[in-house]
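Below, chain A is the first sequence line, B the second, and so on; all start at residue 1. Any value given below was found using the heavy atoms of this structure, including those in side chains, with hydrogens, waters and symmetry copies removed.
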There are 2 protein chains.
Amino acid sequence: MTTRQLHLNAFLMSVGHHEASWRLPESDPHANLDIEHYKNLARIAERGRLDSVFLADSPVQMGDPGRRPSGRLEPTVLLTALAGATDHIGLIATASTTYNEPYNLARRFASLDHVSGGRAGWNIVTTAGVEAAQNFGLDDLPAHRHRYERAAEFVEVSKKLWDSWDDDAIVADKERGVHAEADRVHVINHEGPHFKVRGPLNVPRPPQGHPLLVQAGSSEDGRDFAARHAEAVFTAQQTLDEGKGFYADLKDRAARFGRDPEQVLILPGIVPVIGDTEAEARELDAELERLIVAEYAKVQLANRFKLSPDELDLDRELPGNLPTEDEIEGAKSRFTLIVELARRERLTVRQLIGRLGGGRGHRTFAGTPVQVADTIQHWFDHGAADGFNIMPAVLPSGLESFVDKVVPILQERGLFRTEYTGATLRDHYGLPRPAGQFARPGVSA
Amino acid sequence: MTTRQLHLNAFLMSVGHHEASWRLPESDPHANLDIEHYKNLARIAERGRLDSVFLADSPVQMGDPGRRPSGRLEPTVLLTALAGATDHIGLIATASTTYNEPYNLARRFASLDHVSGGRAGWNIVTTAGVEAAQNFGLDDLPAHRHRYERAAEFVEVSKKLWDSWDDDAIVADKERGVHAEADRVHVINHEGPHFKVRGPLNVPRPPQGHPLLVQAGSSEDGRDFAARHAEAVFTAQQTLDEGKGFYADLKDRAARFGRDPEQVLILPGIVPVIGDTEAEARELDAELERLIVAEYAKVQLANRFKLSPDELDLDRELPGNLPTEDEIEGAKSRFTLIVELARRERLTVRQLIGRLGGGRGHRTFAGTPVQVADTIQHWFDHGAADGFNIMPAVLPSGLESFVDKVVPILQERGLFRTEYTGATLRDHYGLPRPAGQFARPGVSA
């Protein structure tokens with residue numbers, strides 16, 4: 001196929017991205033801890049030939065445990081279980097550079113890449129929120145800039161560790177009694193402001209060389225980080241214009257850092273609420289909105305704005321005394337997106353909560369399968385997306401609808417694969433396998 | 001069954017515990033990274049109704065990569081993959097308290113326990129060796145005592161995190177819109193010399209309450225740690241008398257710490273080399289010894305003794321100028337075991353290397369299935385063991401021989417289960433499920 005191809009990722013989250021999805025009669029409220037539920041989701045996504053499944057993460061209990069199924073299995077563990085239940089689909093886990101050590105994390109991703117036959121991806125996050133910091137001996141969240149500097153060095157160390165075994169290190173020569181050639185396994189002796197790591201890794205080079213690197217921060221620091229390091233970017237964009245602006249900006253930055261902009265794929269989130277008719281889609285959307293308990297969301301919104309909950313009135317617009325993005329220490333770009341959405345559409349707090357309930361700032365789109373396919377194609381054709389991060393409001397039903405009703409339309413239009421053509425996540429995203437940085441010149445795997 | 005029952009754990013290690021096993025014609029030298037190899041091993045162990053499989057670990061590339069298949073998948077990842085390939089058998093992963101954060105590690109074990117339906121165990125290690133320290137920003141290994149103090153606090157924090165969700169926290173009340181009762185999910189606010197952790201964990205209480213806690217250090221600090229915290233102890237004992245001494249000492253210590261000694265199970269390692277005749281077993285043992293490359297082992301032995309390799313002569317006994325156990329910073333008890341073995345049997349360095357090649361200090365026993373069953377029963381009946389840590393010299397063949405030839409003899413003697421009678425690892429080991437420390441009085445799961 002020569003037509004430019006869409007990339008589609010299924011963002012998995014318990015029984016759906018809508019915070020009230022667990023209250024629907026169809027939803028199993030214990031599914032968030034049920035490995036069979038996740039295996040089913042991954043198999044549905046694979047049936048649709050999607051590029052990958054993805055898990056968000058933060059090492060903290062988020063918000064009121066009454067609000068939704070909030071306990072979540074650790075993503076590298078959960079994705080390893082999904083590796084055994086699938087054959088092709090990529091497996092992208094979020095993990096924090098602020099609260100991990102590079103040796104441990106690089107090793108887990110290398111292990112997941114080996115176990116899955118080259119299907120691992122890492123969504124690199126610096127982790128916002130003071131409560132996460134307090135789970136790791138800190139009183140406060142480290143400064144935004146400091147976290148991004150650490151993240152950059154963390155990625156640098158990780159790449160050195162993944163490269164510390166040359167691709168041809170293992171010779172398995174039984175006759176000589178040499179399993180791996182010692183001079184093809186490298187001490188890295190990294191020393192930087194944040195890390196000092198001797199190496200080598202105790203896992204040979206992963207099948208993909210490096211797991212696919214993904215990033216999702218859209219602040220200034222986040223965009224620069226993505227432009228330097230990320231191969232795929234998950235982002236929240238509410239309008240086509242915002243999407244085009246972000247897309248152009250990020251591709252520009254990548255080029256300025258000397259990278260090929262085509263090797264930085266941009267995937268905005270979309271929360272499709274799919275009905276066979278528009279009315280059916282809108283009815284599901286409205287039912288979910290009715291099930292939201294506004295008090296939970298009001299407390300969270302107040303925390304985000306550094307207000308006390310009684311400074312927010314559910315039936316009025318946001319107050320004028322909000323902090324600026326500079327005064328916020330984490331999730332900066334999401335903060336700005338939410339404030340702009342509320343101001344632009346003059347939403348009351350209750351209406352804003354309704355709009356955020358589905359995708360926490362990601363764009364919700366209720367419509368028929370053709371309408372969903374149309375909006376995906378429209379953004380794809382107009383310089384706002386290389387693909388989409390699919391965030392079904394309700395799971396598994398929303399993913400089933402997407403795979404069984406929207407994907408065939410995209411396939412018919414020649415925009416999406418009908419069979420997997422490669423074995424690894426890099427193959428699906430059309431990205432090259434990096435060469436090892438310590439390998440002898442002229443040697444390839 | 002009222003007869004006291006043996007507990008048997010399969011210690012998995014690439015193509016076998018003997019360092020030269022990979023050089024046998026039958027061995028796949030790439031199996032150490034092949035998930036299908038490990039699934040096969042776990043299924044063989046489950047066919048034999050063994051209690052558990054176990055993976056050793058250290059976050060460091062150990063020794064010369066030429067010597068043996070040394071790259072190893074991270075154990076929580078690998079065991080998650082094995083959880084999906086098995087239904088009953090326990091899954092015990094080694095993880096370091098020196099080079100992890102409690103929030104991350106407690107969460108991974110909780111996740112593994114959920115994914116496996118209550119089959120997770122944690123072998124708690126403090127990690128010896130300066131090279132591991134140098135992968136984590138340190139110049140030197142932290143002192144033995146310091147590592148054990150940190151380990152004790154690490155376990156304390158982990159238990160608080162596992163208990164931070166009461167067993168009945170999740171009510172999933174769709175009508176009220178309450179998923180979990182907020183007052184049954186506890187901030188732990190731990191503050192100690194080594195850790196400050198707010199909590200709660202973001203994973204609800206694991207099926208087993210706590211994963212099974214295992215320990216393998218046999219130094220003074222290690223024994224005290226095991227007696228306070230461990231529910232199963234893996235240990236290296238060369239002779240019945242040493243085994244009896246260790247067994248009595250550890251049970252005594254447990255009682256002194258106010259614990260029921262029957263809830264601390266002691267499993268010495270055994271490297272069975274099984275033949276249908278004694279001659280066949282001895283021939284396999286001799287073939288493995290012939291395949292050892294003595295130079296690799298000599299370098300490692302010299303490092304252990306803080307000597308340079310040329311201070312060791314392959315054809316002489318150990319020199320007199322060895323350090324004492326106090327002068328060794330890691331693996332203290334293994335050091336003493338090796339020196340005592342060499343002195344007692346007046347072994348040359350080459351002979352010592354041959355003896356260590358199979359089990360790195362664990363007892364090697366070459367014999368027929370009946371002889372292996374006899375020695376297991378003899379130790380079990382004479383106060384030296386509650387079961388055994390089975391360390392086949394060659395894998396998978398050595399585990400197959402054990403399961404198909406030795407286990408039936410032990411079953412016939414009424415010493416070992418013929419079917420699993422419980423669902424969890426705690427069930428297999430006959431150990432109780434701990435109550436949550438923050439739960440309201442009178443409430444049980």
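Taking the six-membered ring where the residue is Trp, W22(B) and H179(A) present perpendicular rings, their angle passing 60° and hence far from 30°.
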Requested in this report: Before giving the answer on side-chain contact (heavy atoms from CB on, under 4.5 Å), spell out for N104(A) and N100(B) the whole-Å C-alpha distance, their side-chain angles and the decisive distance to 0.1 Å.
Outcome: CA-CA 8 Å; N104(A) 289 334; N100(B) 278 291; 3.5 Å; yes

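Heavy-atom distances place the side chain of V185(A), and not its backbone, under 4.5 Å from chain B. With a 4.5 angstrom heavy-atom cutoff, L24(B) touches chain A only via backbone atoms. The parts of N135(A) that come within reach of chain B are both its backbone and its side chain, each placing non-hydrogen atoms under 4.5 angstrom from that chain. Both the backbone and the side chain of A81(B) have a heavy atom closer than 4.5 Å to some heavy atom of chain A. In this structure, the portions of F136(B) lying under 4.5 Å from any heavy atom of chain A include both its backbone and its side chain. Residue contact with chain A, scored on non-hydrogen atoms closer than 4.5 Å, involves the backbone of P25(B) exclusively. With a 4.5 angstrom heavy-atom cutoff, Y296(B) touches chain A only via side-chain atoms. Neither the backbone nor the side chain of S164(A) comes within contact range of chain B; no heavy atoms are under 4.5 Å apart. For R108(B), the parts sitting under 4.5 Å from any heavy atom of chain A are the backbone and the side chain alike. Heavy atoms closer than 4.5 Å to chain A are found nowhere in S116(B), neither backbone nor side chain. Proximity to chain A involves both the backbone and the side chain of V115(B), based on heavy atoms less than 4.5 angstrom apart. At a 4.5 Å heavy-atom cutoff, R184(B) makes no contact with chain A through either its backbone or its side chain.
Of the inter-residue distances, the one linking I170(A) atom CD1 with N32(B) atom CG reads 6.0 Å to the nearest 0.5 angstrom.
The two atoms that bring Q61(B) and W165(A) nearest to each other are OE1-CZ2, 3.3 Å, heavy atoms only. Nearest heavy atoms, R107(B) versus P75(A): NH2-CD, 4.0 Å.
Per-residue counts of heavy-atom pairs under 4.5 Å with chain A were compared for L291(B), T76(B), D173(B); the largest is that of D173(B).
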